[in-house]
Chemist: 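Dropping a structure here in structure tokens format, bear with me for questions.
Every value quoted in this text rests on a predicted model; they were computed, and no experiment measured them. The first residue in the sequence is number 1, and the count goes up from there.
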Amino acid sequence: MYQKLLTPLLFLLNFISYAQEKTIGEYSFQNFNYKVVERITDDSKKMNYEIQRVINDSVISKIEQIKYYKTTQEEYNSTYKLIDGIFTFMITLNKDNQTMYGVNRFFIGEYGKLFPGTENEIFTTIKPIENDYNAQFKGGIEKLRRWIQYNFEAERLIKSIGINGFKIQVKLDIDKEGTPILTEIVGNDNPKIRTEVERIIRRMPKWIPAKQNNENVVSKFSIPINIIGIE
């Protein structure tokens with residue numbers, strides 16, 4: 001009796017779950033497969049996009065992006081486009097009688113992993129151009145931080161210059177091919193610090209170059225480095 005009831009119940013639950021999800025795009029890039037779906041949340045007052053990385057119809061990772069919600073204080077809407085292999089979401093946020101705009105982008109990085117663009121979750125009163133963006137370190141800002149932490153020989157450097165830590169801003173130009181070029185170091189003019197910064201910038205992998213009017217352009221980027229010594 002219980003077994004007979006269980007099978008149709010499971011079928012009903014699966015049907016309800018399926019009805020809450022709508023596929024709006026399926027793509028293949030660099031031998032990796034992706035699916036974009038619209039999903040209604042449990043309270044039915046909020047809708048999300050979901051970018052799914054799939055292998056043999058199995059979801060192995062996913063990223064969520066809000067599509068729509070509305071409260072008494074604000075209303076959020078985003079529309080989705082795939083632009084040059086970049087998952088792009090144009091956002092309009094109405095809050096406190098003011099309209100703000102933003103654009104969230106998700107790029108394809110190493111091993112097909114998606115990473116957020118540097119402009120994500122930044123809102124202004126000026127509507128952004130959907131296919132213009134800044135240079136992006138492949139893997140995103142968090143991967144850039146980890147790369148610098150791993151490659152910067154901080155302990156050896158602070159011992160050689162005899163100070164207990166320092167703070168600098170490393171300013172770069174990212175050229176049209178994505179090569180990082182050191183332009184300035186702000187905060188400390190010690191030549192040993194400059195030598196170490198030059199060394200890691202030469203080793204740094206190429207970035208995704210910035211785009212403007214559908215053409216690669218030179219882009220500027222500033223990296224804060226805070227080295228804390230041990231007494």
Chemist: For Lys143, enumerate each residue passing the salt bridge (Lys or Arg N to Asp or Glu O under 4.0 Å) test, keeping only those at least two apart in sequence or located in another chain.
Modeler: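 In terms of salt bridge (Lys or Arg N to Asp or Glu O under 4.0 Å), with neighbours along the sequence ignored, Lys143 is linked to Glu110.
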
Chemist: Quick check: do Lys171 and Lys220 have side-chain heavy atoms less than 4.5 Å from each other?
Modeler: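 Not in contact.
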
Chemist: Test Lys46 against Lys67 for side chain to side chain contact (heavy atoms under 4.5 Å, CB included), laying out the working first.
Modeler: CA-CA 8 Å; Lys46 181 179 177 182; Lys67 179 180 181 182; over 6 Å; no

Chemist: Might you work through the side chain to side chain contact (heavy atoms under 4.5 Å, CB included) test for Asn48 and Glu38, ending with a clear yes or no?
Modeler: CA-CA 6 Å; Asn48 287 343; Glu38 292 180 356; over 6 Å; no

Chemist: Just wondering, do Tyr69 and Glu74 contact through their side chains at under 4.5 Å, heavy atoms?
Modeler: yes

Chemist: Does any part of the side chain of Phe221, heavy atoms only, come nearer than 4.5 Å to the side chain of Ile223, both counted from C-beta?
Modeler: yes

Chemist: So, using side-chain hydrogen bond (donor to acceptor under 3.5 Å, both in side chains) as the criterion, who are the partners of Ser61 when residues are at least two apart?
Modeler: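 Partners of Ser61 under the side-chain hydrogen bond (donor to acceptor under 3.5 Å, both in side chains) test: Arg53.
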
Chemist: Nearest 0.5 Å, please: how far is OG1 in Thr88 from CE in Met90?
Modeler: 8.5 Å

Chemist: Measuring from atom CD of Glu50 to atom NZ of Lys62, what distance do you get when rounded to the nearest 0.5 angstrom?
Modeler: 4.5 Å

Chemist: Return the CD to CD distance between Gln52 and Glu21, rounded to the nearest 0.5 Å.
Modeler: 5.5 Å

Chemist: Looking at Pro209 and Asp175, what are the two nearest heavy atoms and their distance?
Modeler: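 Answer, listing the atom of Pro209 first, then Asp175: CB-O, 3.8 Å.
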
Chemist: Taking Gln73's backbone N and O only, do any of them form a donor-acceptor pair with Thr71's side chain (distance below 3.5 Å, no angle check)?
Modeler: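 Yes, because the side chain of Thr71 sits within donor-acceptor range (under 3.5 Å) of the backbone of Gln73.
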
Chemist: Looking only at non-hydrogen atoms, find the nearest pair between Gly165 and Ile158 and report the distance.
Modeler: N-CG2, 4.1 Å

Chemist: So with a 6.0 Å cut-off around CG of Asp189, is the heavy-atom count from everything else above 12?
Modeler: no

Chemist: According to ring pair (Phe, Tyr, Trp, His ring centres under 6.0 Å), does anything in residues 170-193 pair up with another residue at least two apart or in another chain? List the pairs.
Modeler: none

Chemist: Phe107: what forms a ring pair (Phe, Tyr, Trp, His ring centres under 6.0 Å) with it, not counting sequence neighbours?
Modeler: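 Residues passing ring pair (Phe, Tyr, Trp, His ring centres under 6.0 Å) with Phe107: Phe115, Tyr133.
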
Chemist: Using modelled atom types only, decide if a donor and an acceptor are shared between the side chain of Asn188 and the backbone of Lys167 within a distance under 3.5 Å.
Modeler: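 Judged by distance alone, no pair lies under 3.5 Å.
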
Chemist: Closer than 3.5 angstrom, by distance alone: can the side chain of Asn77 be matched with the main-chain N or O of Leu93 as a donor-acceptor pair?
Modeler: no

Chemist: For Asp132 and Asn213, which heavy atoms make the closest approach, and how far apart are they?
Modeler: OD1-N, 3.0 Å

Chemist: Measuring only between side-chain heavy atoms, which start at C-beta, is Tyr68 closer than 4.5 Å to Ser78?
Modeler: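 Not touching, per the 4.5 Å side-chain cut-off.
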
Chemist: Quick one: do Phe106 and Tyr34 end up in the same hydrophobic cluster if we chain Ile, Leu, Val, Met, Phe, Trp and Tyr together by side-chain heavy atoms under 4.5 Å apart?
Modeler: yes

Chemist: For Arg156, is there an ion pair with Glu196 - N to carboxylate O distance below 4.0 angstrom?
Modeler: yes

Chemist: Hydrogens and angles aside, do Asp84 and Asn131 bring a side-chain donor and acceptor to less than 3.5 Å of each other?
Modeler: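 No, no side-chain donor-acceptor contact under 3.5 Å.
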
Chemist: Any side-chain donor paired with an acceptor under 3.5 Å for Asn104 and Glu121?
Modeler: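 Yes, side-chain donor-acceptor contact under 3.5 Å.
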
Chemist: Hydrophobic clustering (ILVMFWY, side-chain heavy atoms < 4.5 Å, transitive) - are Val36 and Ile40 grouped together?
Modeler: no

Chemist: Dump the intermediate steps for salt bridge (Lys or Arg N to Asp or Glu O under 4.0 Å) on Lys211 and Glu215, then the final yes or no.
Modeler: CA-CA 5 Å; Lys211 282 235 173 161; Glu215 293 185 358; over 6 Å; no

Chemist: Check whether more than 12 heavy atoms from other residues, nucleotides or ligands sit under 6.0 Å from atom CD of Glu155, and answer yes or no.
Modeler: no

Chemist: Check each of Ile168, Ile148, Leu157 against Val197 using the side chain to side chain contact (heavy atoms under 4.5 Å, CB included) test, and report the only one that passes.
Modeler: Ile168

Chemist: Between Gln65 and Tyr80, is any side-chain donor less than 3.5 angstrom from a side-chain acceptor?
Modeler: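 The criterion, which ignores hydrogens and geometry beyond distance, is not satisfied for Tyr80 and Gln65.
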
Chemist: Just checking, is any N or O donor in the side chain of Asn94 or Thr99 under 3.5 Å from an acceptor N or O on the other one?
Modeler: yes

Chemist: Cluster question for you: counting only ILVMFWY and a side-chain heavy-atom cut-off of under 4.5 Å, with indirect links fine, are Ile161 and Ile200 together?
Modeler: yes

Chemist: Does some side-chain heavy atom of Ile83 sit less than 4.5 Å from a side-chain heavy atom of Glu130?
Modeler: yes

Chemist: Rounded to the nearest 0.5 Å, what separation is found between the NZ atom of Lys138 and the CG atom of Leu144?
Modeler: 14.0 Å

Chemist: Give me the atom names and distance for the closest heavy-atom approach of Glu119 to Asn134.
Modeler: OE2-N, 2.9 Å

Chemist: Is there a donor-acceptor pair closer than 3.5 Å between any side-chain N or O of Lys70 and the backbone N or O of Tyr76?
Modeler: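 It does not hold such a pair.
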
Chemist: Under a 3.5 Å cutoff, is there a donor and acceptor pairing between the side chains of Gln169 and Ser222?
Modeler: yes

Chemist: Surrounding CD1 of Ile126 (heavy atoms of other residues, nucleotides or ligands, distance under 6.0 Å), is the total greater than 12?
Modeler: no

Chemist: Quick one: do Leu82 and Phe32 end up in the same hydrophobic cluster if we chain Ile, Leu, Val, Met, Phe, Trp and Tyr together by side-chain heavy atoms under 4.5 Å apart?
Modeler: yes

Chemist: Are Ile51 and Met47 joined in one hydrophobic group, where the rule is that I, L, V, M, F, W and Y side chains link up if heavy atoms are under 4.5 Å apart?
Modeler: no

Chemist: Please state whether the rings of Tyr27 and Phe29 are parallel, tilted or perpendicular, taking 30° and 60° as the class boundaries.
Modeler: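 Rings of Tyr27 and Phe29: parallel, under 30°.
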
Chemist: Taking all heavy atoms of Thr118 and all of Gln136, pick out the closest pair and write down the distance.
Modeler: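 Scanning both residues completely, I find the closest heavy atoms to be N-OE1, 3.0 Å.
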
Chemist: CD1/Ile141 to CG/Asn120 distance, rounded to the nearest 0.5 angstrom?
Modeler: 10.5 Å

Chemist: I'd like to check the ring pair (Phe, Tyr, Trp, His ring centres under 6.0 Å) partners of Phe152; sequence neighbours left out, ordered by chain and number.
Modeler: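 Phe152 satisfies ring pair (Phe, Tyr, Trp, His ring centres under 6.0 Å) with no residue once adjacent residues are dropped.
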
Chemist: Exactly one of Thr179, Ile181, Leu182 should register a side chain to side chain contact (heavy atoms under 4.5 Å, CB included) with Leu172. Which one does?
Modeler: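 Option passing the side chain to side chain contact (heavy atoms under 4.5 Å, CB included) with Leu172: Leu182.
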
Chemist: Would a line drawn from the ring center of Phe89 to the ring center of Tyr49 be shorter than 6.0 Å?
Modeler: yes

Chemist: Working to the nearest 0.5 angstrom, can you tell me the gap between Arg39 CZ and Glu64 CD?
Modeler: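 With rounding to 0.5 Å, CZ (Arg39) is 7.5 Å from CD (Glu64).
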
Chemist: Determine whether Leu114 and Ile108 make a side-chain contact, defined as any pair of heavy atoms from C-beta on separated by less than 4.5 Å.
Modeler: yes

Chemist: Walk me through whether Ile225 and Val170 qualify under side chain to side chain contact (heavy atoms under 4.5 Å, CB included).
Modeler: CA-CA 7 Å; Ile225 297 179; Val170 176; 3.7 Å; yes

Chemist: Are more than 12 heavy atoms, taken from residues, nucleotides or ligands other than Ile129, located less than 6.0 Å from that residue's CD1 atom?
Modeler: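 Atom CD1 in Ile129 is not packed in, count stays at 12 or less.
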
Chemist: Side chains of Asn33 and Ser28 only: does a donor on one sit below 3.5 Å from an acceptor on the other?
Modeler: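 Ser28 and Asn33 do have a side-chain donor-acceptor pair below 3.5 Å.
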
Chemist: Quick one: ring pair (Phe, Tyr, Trp, His ring centres under 6.0 Å) pairs with a partner in residues 180-205, sequence neighbours left out?
Modeler: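 Every candidate ring pair (Phe, Tyr, Trp, His ring centres under 6.0 Å) pair involving residues 180-205 fails, so no pair, neighbours aside, qualifies.
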
Chemist: Under 4.0 Å between a Lys/Arg side-chain N and an Asp/Glu carboxylate O for Glu177 and Lys206?
Modeler: no

Chemist: Is the backbone of Trp147 close enough, under 3.5 Å, to the side chain of Asn151 for a donor and an acceptor to pair up by distance?
Modeler: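 Yes, Asn151 side chain to Trp147 backbone: donor-acceptor pair under 3.5 Å.
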
Chemist: Do you know which two heavy atoms are closest between Lys192 and Asn190, and how far apart they sit?
Modeler: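 Residues Lys192 and Asn190, closest heavy atoms: N-OD1, 2.8 Å.
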
